[in-house]
Amino acid sequence: MQIRVIPIGLIRRFVSEAEITLPDGVTPRQLIGLLRIPGELKMVAIVNGKSRDLDQSLEDRDEVKLVTVITGG
Amino acid sequence: MYGNTGKIVFVDLSRSSVAVESLPEEYYRKYIGGSGLAARVFWERGDFSADPLAPEAMLLFMCGPFAGLKMSGASRSCVAGRSPLTGHWGDSSCGGHFAPELRYCGYDGIAITGRAERPSLLLLEGEKVVVVDAVEYWRQGIEDVNKALKQRFGRGCRSLIIGPAGENLVRFANILNEGHHAYGRAGFGAVMGSKNLKAIVARARSREMLLADPEGFADLRKELNARIKDALASQVIRENGTAANLEGGVYTGDVPIRNFTSNFWEEMAEALTGSALTEKYLTNRAACAYCQIACKRVVEVAQGPFAIRKGPGPEYETIVSFGSLLGSMDLAAACKAGRICNDLGMDTISCGSTLAWAMEAFEKGDLTLDDTDGIPIVWGDMGTVVDVVLPRIAAVQGKLGELLAAGSVSSAKRVGKGSISYTTHSKGLEAPMHDPRGGGHGMALTYAMSPRGACHVADPMLYFEMGACYYPEIGFEFELEPKSYEHKAESAAISVALGAIENSACFCQFADREISIPEWVELFNTVAGYGWDSDEMMRAGRRVFYLKRLINHRYGLTAEDDTLTPRLLEPARDGEPQGITIEFDKMKERFYELMGMDPVAGIPSTETLSAHDMAAEVAEM
């Protein structure tokens with residue numbers, strides 16, 4: 001399946017915006033692992049504009065914004 | 001004594017008298033240092049009947065045991081006393097370069113009462129302390145006074161200075177070190193102003209410190225400095241400042257917009273985030289003494305209506321307070337507003353929040369042109385904010401300046417018309433720029449429980465909820481879901497104790513996160529010789545929290561005050577947290593239970609006090 005990945009804020013440090021091909025059934029958590037985003041960052045996946053359980057499978061043509069909740073003071 | 005010197009300078013400005021006293025060693029083991037030690041001195045010697053701006057009011061500056069160590073995160077200190085903004089206990093922490101200098105002069109702190117007859121400054125030259133005439137600096141901005149003091153006392157002197165806002169008793173006036181680092185919150189710049197005290201200048205003659213276990217500390221320091229420097233979070237804020245992930249915060253609903261009426265604004269996210277500041281305006285990175293994180297920004301806005309020459313740049317809190325909170329996504333305007341507040345001496349959080357309240361009040365018609373000297377106070381109109389409103393607030397000029405200089409709560413009470421319902425505070429202190437509805441519900445609880453009022457640095461709940469740290473040795477190993485109440489009371493009970501330790505140690509919260517509990521214990525033992533284990537350290541943290549609660553109780557605060565205003569608890573209208581309710585009462589009830597606190601009085605029970613060896617404090621009640 002084709003997924004559009006859009007890194008937000010700090011995640012741009014690790015990933016560039018891209019269309020990527022993934023096996024069917026991949027979850028946001030698996031995607032985060034495949035993209036080698038450091039495991040210490042707590043992540044949120046916004047799929048087609050709405051936040052999604054990290055373990056719920058993505059679908060073909062989904063747009064996934066990857067966000068970490070880490071913040072400064 | 002090790003780490004600490006045991007000596008406090010007591011100054012009575014009415015008599016121009018200076019006395020150095022040694023505090024009992026027991027106070028340090030029980031209250032750590034910094035804001036904990038300040039609370040103990042205030043509890044014992046503060047005049048609780050005194051108005052915060054009366055000569056009798058006691059103003060305290062205090063270091064922790066680690067000030068002066070060549071270590072990332074260790075160069076902070078606190079100011080404390082009765083806040084003129086809230087009317088109860090307040091404290092505020094500041095980085096920069098003053099804390100090491102005070103320690104090298106031979107002191108742990110300064111306690112000031114009285115009112116000087118003429119504008120004065122307090123000069124510490126090594127152990128010698130004198131009150132010096134400062135009439136020539138009165139009415140001047142902080143930037144110029146900082147330069148003048150360096151010219152007069154030498155480039156190596158370190159100063160704390162108030163601006164015109166402090167002199168004019170603006171209730172959220174701050175105190176700046178080196179014109180860049182602020183004791184921002186709770187209005188202690190006005191307390192200095194009320195005492196006719198323009199500045200405190202310190203210049204040490206030696207840089208010696210006596211440590212309990214110098215070799216043990218040297219090993220630990222090497223390890224921690226390297227880890228703090230290399231941590232991902234440190235690299236990120238070194239590169240793009242404390243606003244490095246502001247954009248991510250917008251998507252999670254953490255960043256407040258238009259007086260907390262919205263939790264999502266996509267265009268603003270990219271415009272105000274830390275990388276935009278780096279690309280457009282950053283000229284240099286800067287750091288507090290001995291710190292290798294270097295999160296501070298130096299910026300220049302070369303042209304346009306908000307042009308500013310090279311100088312101190314804004315933190316995350318300032319960018320949001322003078323950005324999205326006011327309906328603006330103009331980063332240059334936020335830079336200039338921050339620079340003006342630095343020079344006039346005003347807390348950017350309370351100032352921005354008071355303006356946000358005013359903009360909403362103006363939009364609703366609760367505030368009219370008659371109240372504002374004919375000046376429209378409109379969302380996003382940063383030209384008016386920067387050129388007209390900020391100078392009027394600092395000068396307490398006209399109806400508008402007089403109204404807003406009192407802070408949002410007093411302003412809303414004066415205007416009436418239900419406008420208090422859209423203030424955003426707890427216990428009178430305007431909330432910082434993390435919206436608990438999006439950032440994490442545990443923060444709603446800790447904002448409400450913080451003795452000084454709504455605060456994100458009183459304790460590390462913000463970091464707990466973002467999964468930035470875990471402390472299994474003290475029972476914090478929860479995987480927290482930010483937008484839920486689950487495990488939040490349990491986490492908060494640990495967080496408030498740890499926060500009290502950090503703020504009493506006067507250690508930076510960015511560096512803190514890399515230090516484990518056993519390492520914290522080792523730091524206290526190798527530097528100050530406290531002889532603690534982790535239980536004793538956590539007990540000291542809770543003791544500090546409890547004492548501040550007792551101080552507030554003496555000012556009449558009860559559990560009813562442990563809350564947030566309706567705006568901060570209503571379900572968010574949009575963005576990630578839209579429609580989600582914070583289960584505040586449930587968390588609050590459980591928190592009191594876990595902390596052994598009376599759910600009506602809001603103070604620790606007799607049994608709790610006794611379990612924390614606070615019999616002497618109870619006897620003094």
Side-chain angles (χ1 to χ4, degrees), chain A residues 1-20 22 25-73, chain B residues 93 95 231-233 235-237 239-255 264 266 269-270 273-276 295 315-317 319-320 432-434 438-440 456-457 460 462-470 479-483 508-510 513 575-578:
Chain A
M1 61 181 177
Q2 283 288 112
I3 301 291
R4 180 164 196 79
V5 175
I6 304 175
I8 298 292
L10 176 56
I11 302 305
R12 289 205 190 96
R13 190 184 174 94
F14 312 105
V15 182
S16 301
E17 184 168 338
E19 293 274 352
I20 55 173
L22 294 170
V26 162
T27 65
R29 193 182 306 281
Q30 289 166 330
L31 173 64
I32 290 161
L34 286 169
L35 295 171
R36 298 188 177 171
I37 293 169
E40 67 195 271
L41 296 176
K42 193 167 187 168
M43 298 292 296
V44 172
I46 298 169
V47 181
N48 305 324
K50 289 192 173 172
S51 73
R52 171 80 64 89
D53 187 323
L54 291 178
D55 295 316
Q56 191 182 332
S57 296
L58 296 168
E59 288 174 19
D60 191 31
R61 306 281 167 200
D62 274 349
E63 180 198 87
V64 186
K65 286 183 173 143
L66 294 174
V67 184
T68 177
V69 301
I70 197 166
T71 183
Chain B
S93 167
L232 175 60
Q235 291 177 38
V236 164
I237 59 173
E239 192 175 314
N240 286 325
T242 53
N245 197 41
L246 183 151
E247 194 181 353
V250 172
Y251 281 84
T252 61
D254 178 55
V255 180
F264 187 62
E266 194 165 12
E270 270 193 65
T273 202
S275 55
C295 68
E315 306 275 348
Y316 167 86
E317 292 291 329
I319 292 173
V320 180
M433 299 302 113
H434 295 286
H456 67 300
V457 290
L462 175 68
Y463 301 96
F464 281 16
E465 293 196 288
M466 68 170 86
C469 51
Y470 297 90
E479 282 294 337
L480 298 177
E481 161 49 47
K483 296 174 193 71
C508 170
Q509 295 217 342
F510 296 136
R513 302 279 73 79
E576 271 301 290
Q578 183 176 13

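Letters A, B, ... mirror the listed sequences (proteins, then strands); counts begin at 1. Side chains included, hydrogens not; waters and symmetry mates left out as well; all remaining heavy atoms used.
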Max heavy-atom pair count under 4.5 Å with chain A, selected residue of B:Met466, B:Glu465, B:Glu479: B:Met466
Selection residues 1-18 of chain A - residue pairs positive for salt bridge (charged side-chain N to carboxylate O under 4.0 Å, His left out), sequence neighbours left out: A:Arg4-A:Glu17, A:Arg4-A:Glu19, A:Arg12-B:Glu247, A:Arg13-B:Glu239
Pairs where residues 46-58 of chain A contributes a residue and the test salt bridge (charged side-chain N to carboxylate O under 4.0 Å, His left out) is met, not counting sequence neighbours: A:Arg29-A:Asp55
Distance (rounded to the nearest 0.5 Å) between A:Ile11 CD1 and B:Tyr251 OH: 13.0 Å
Heavy-atom proximity to chain B below 4.5 Å, by part of A:Pro38: side chain
Residues that B:Asn245 engages under side chain to side chain donor-acceptor pair (under 3.5 Å), provided they are two or more places apart: none
Passing candidate, side chain to side chain contact (heavy atoms under 4.5 Å, CB included) with A:Leu10, options B:Val236, B:Asn240, B:Leu232: B:Val236
Matching residue for B:Thr252 among A:Ile70, A:Val67, A:Thr68 - test: side chain to side chain contact (heavy atoms under 4.5 Å, CB included): A:Val67
Interface moiety of B:Gln578 toward chain A, non-hydrogen atoms closer than 4.5 Å: neither
Residue-level contacts of residues 39-47 of chain A with chain B, using a heavy-atom cutoff under 4.5 Å: A:Glu40, A:Leu41, A:Lys42, A:Val44, A:Ile46
